[in-house]
Protein chains: 2
Amino acid sequence: METQIDNLLKRNQLSVTGSRKKILELFLASRGALAHGDIEKKTGEKFDRVTVYRTLQVFLEKGIIHTIPTADNSIRYALCKDECSEGHHHDNHVHFICTTCGNTTCLADVTIPEVKLPVGFKATEFQMLVNGVCMECQ
Amino acid sequence: METQIDNLLKRNQLSVTGSRKKILELFLASRGALAHGDIEKKTGEKFDRVTVYRTLQVFLEKGIIHTIPTADNSIRYALCKDECSEGHHHDNHVHFICTTCGNTTCLADVTIPEVKLPVGFKATEFQMLVNGVCMECQ
DNA sequence: AAATTATTTGCAACAAAGTTGCATAGTTGC
DNA sequence: GCAACTATGCAACTTTGTTGCAAATAATTT
Ligand SMILES: [Mn+2]
Ligand SMILES: [Mn+2]
Ligand SMILES: [Zn+2]
Ligand SMILES: [Zn+2]
């Protein structure tokens with residue numbers, strides 16, 4: 001019997017290894033986004049730091065996860081919901097950062113509004129970050 | 001005769017020192033936002049790395065500059081236009097990141113559109129990042 | 001199922017980025 | 001100009017990220 005995780009990896013032409021499975025598990029288990037440091041802590045001594053870097057790198061390239069910019073020098077990563085692929089991501093949703101618990105959430109149902117740019121600027125991607133207090137922390 | 005820069009510092013109850021003046025100069029001279037690394041390079045051997053860190057820190061606290069989140073672990077800093085103060089910033093404008101030249105621009109005239117959040121989420125701040133090609137790089 | 005091939009991992013060594021304590025230098029207010 | 005205060009540079013350190021390479025593991029072939 002093949003698990004959901006194994007399938008996800010194979011579908012992306014990735015060999016199925018312990019670290020990849022474990023890191024995907026973490027993403028599936030966590031509500032919000034994860035920083036590199038989070039993953040390192042949660043996988044504990046199981047994997048080398050370098051492996052975590054390389055795994056995230058590969059997942060990004062394959063469109064399995066996407067990045068969320070932050071203002072504190074610690075990129076967050078979250079699973080792509082839709083069918084994002086090698087080059088093309090379709091994560092046009094808003095990201096919410098709770099100032100109380102620190103969690104970053106993908107608001108998958110909140111679409112980023114369009115915005116008019118000054119003449120001369122050509123946009124290829126819009127991102128929206130919202131700071132505030134999340135559901136659990138009210 | 002007092003310069004614009006000296007005044008800005010005094011108005012914020014900061015002592016007027018070489019590094020602070022130089023770093024403010026840099027911000028005033030540059031079109032876009034600056035990363036810590038940029039500043040370090042441009043100030044050359046004039047100042048210690050630690051001084052740059054501490055200066056940016058102070059400017060942030062005083063509301064002289066604001067941060068711009070990025071997806072590459074290198075926060076950008078830009079001068080606050082309006083009267084931002086100690087605690088309260090009013091930089092509700094869109095930030096544009098050119099994928100060609102790498103420059104980050106404050107689009108001071110482009111206001112961030114409001115967006116409805118799911119029940120339970122309370123927003124305190126909205127940020128918007130746009131990637132694309134800037135005026136000069138077309 | 002064993003052997004071959006290809007890929008991934010951990011380790012070591014390193015580079016870059018960021019932090020802290022403290023003596024010295026510089027700035028401010030009188 | 002002097003005393004009080006504040007900022008700076010330096011050193012030492014931690015944390016974060018990168019690279020090359022040999023050993024381990026996974027996929028593919030026979
Ligand atoms: Mn997301
Ligand atoms: Mn700005
Ligand atoms: Zn929260
Ligand atoms: Zn440009």
Side-chain angles (χ1 to χ4, degrees), chain A residues 1-3 5-26 33-62 64-65 67-77 86 102, chain B residues 1-3 5-26 33-62 64-65 67-77 86 102:
Chain A
M1 173 219 155
E2 294 217 306
T3 103
I5 288 174
D6 287 33
N7 277 329
L8 181 53
L9 289 171
K10 286 186 183 155
R11 204 183 322 141
N12 285 280
Q13 299 137 46
L14 293 175
S15 37
V16 178
T17 69
S19 51
R20 286 174 182 169
K21 286 204 281 188
K22 181 66 191 166
I23 292 179
L24 274 185
E25 257 177 51
L26 277 182
L34 298 172
H36 175 95
D38 299 329
I39 296 170
E40 223 179 291
K41 268 168 225 148
K42 296 199 190 184
T43 50
E45 294 108 56
K46 275 186 94 70
F47 306 109
D48 195 83
R49 221 156 44 86
V50 179
T51 301
V52 177
Y53 280 112
R54 293 198 267 225
T55 304
L56 290 174
Q57 191 64 46
V58 169
F59 285 180
L60 264 182
E61 284 163 5
K62 290 294 185 175
I64 298 174
I65 58 178
T67 57
I68 304 164
T70 66
D72 72 331
N73 269 353
S74 71
I75 301 175
R76 302 299 159 98
Y77 303 87
E86 205 86 37
Chain B
M1 172 222 155
E2 294 218 306
T3 102
I5 288 175
D6 288 31
N7 278 329
L8 182 52
L9 288 171
K10 286 185 183 156
R11 204 182 324 139
N12 286 280
Q13 299 136 47
L14 293 176
S15 39
V16 179
T17 68
S19 51
R20 287 173 182 169
K21 286 204 280 188
K22 182 65 191 166
I23 292 179
L24 274 185
E25 256 177 52
L26 278 182
L34 298 172
H36 173 95
D38 299 329
I39 297 169
E40 224 179 290
K41 266 168 226 147
K42 296 199 189 181
T43 51
E45 294 109 56
K46 276 186 95 68
F47 307 108
D48 194 82
R49 221 155 44 85
V50 180
T51 301
V52 177
Y53 280 113
R54 293 198 267 226
T55 305
L56 290 176
Q57 191 64 44
V58 169
F59 285 180
L60 264 183
E61 284 163 7
K62 290 293 186 179
I64 298 175
I65 58 178
T67 57
I68 303 164
T70 65
D72 72 329
N73 269 355
S74 73
I75 303 175
R76 302 300 160 99
Y77 303 87
E86 204 87 43

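To the nearest angstrom, P of D:dT28 lies 11 Å from CD of A:Q13. Between B:Q57 atom CD and C:dG18 atom P the separation is 12 Å, expressed in whole Å. The separation between A:I39 atom CD1 and D:dT16 atom P is 13 Å, rounded to whole Å. Rounded to a whole Å, the NZ atom of A:K62 is 12 Å from the C1' atom of C:dT7. Atom OH in A:Y53 sits about 16 Å away from atom C1' in C:dT9, given to the nearest Å. In this structure, the CZ atom of B:F47 is 22 Å from the P atom of C:dT24, given to the nearest Å. Rounded to a whole Å, the CG atom of B:L56 is 12 Å from the C1' atom of C:dG18. The distance from atom CG of A:N12 to atom P of C:dT7 is 16 Å, rounded to the nearest whole Å.
Comparing A:V50 and A:G18, the nucleotide of DNA chain C nearest to each residue sits closer to the 5' end for A:G18. Each of B:D48 and A:S74 has a nearest nucleotide on DNA chain D; the 5'-most of these lies closest to B:D48. The residue among B:H36 and B:L14 whose nearest nucleotide of DNA chain C lies closer to the 5′ end is B:H36.
The A:S15 side chain lies nearest to D:dA27 when the options are C:dG18, D:dA27, D:dC10. Checked against D:dC10, C:dT9, C:dG18, the side chain of A:T51 finds its nearest nucleotide in C:dT9. Listed nucleotides D:dG17, C:dG18, D:dG20 differ in distance to A:R54; the shortest reach to its side chain belongs to D:dG20. When distances run from any side-chain atom of B:R20 to the nucleotides D:dT8, D:dG17, D:dG20, the shortest one goes to D:dT8. For B:T17, counting side-chain heavy atoms from C-beta on, the closest listed nucleotide (D:dT8, D:dG9, D:dG17) is D:dT8. Considering only side-chain atoms of A:R49, the nucleotide from D:dA7, C:dT20, D:dT16 that sits closest is D:dT16. Minimum atom distance to the side chain of B:V16 is reached by C:dT28, of the listed D:dT8, C:dT28, C:dT19.
A side chain to side chain contact (heavy atoms under 4.5 Å, CB included) with A:Y77 is found for exactly one of A:I64, A:L60, A:D38, namely A:L60.
Contact annotation: B:N73 side-chain N/O to D:dG17 OP1/OP2 distance is under 4.0 Å. Residue A:S19 places at least one side-chain N or O under 4.0 Å from the OP1 or OP2 atom of C:dT9.
A donor-acceptor pair is defined here as one N or O able to donate and one able to accept, closer than 3.5 Å; such a pair exists between the side chain of B:R20 and the backbone of B:S15. Without hydrogens or angle criteria, B:T43 side chain to B:K46 main chain gives no donor-acceptor distance under 3.5 Å. With B:D48 contributing its side chain and B:V50 its backbone, the two residues share a donor-acceptor pair below 3.5 Å.
More than 12 heavy atoms of other shown residues, nucleotides or ligands fall within 6.0 angstrom of atom NZ in B:K62.
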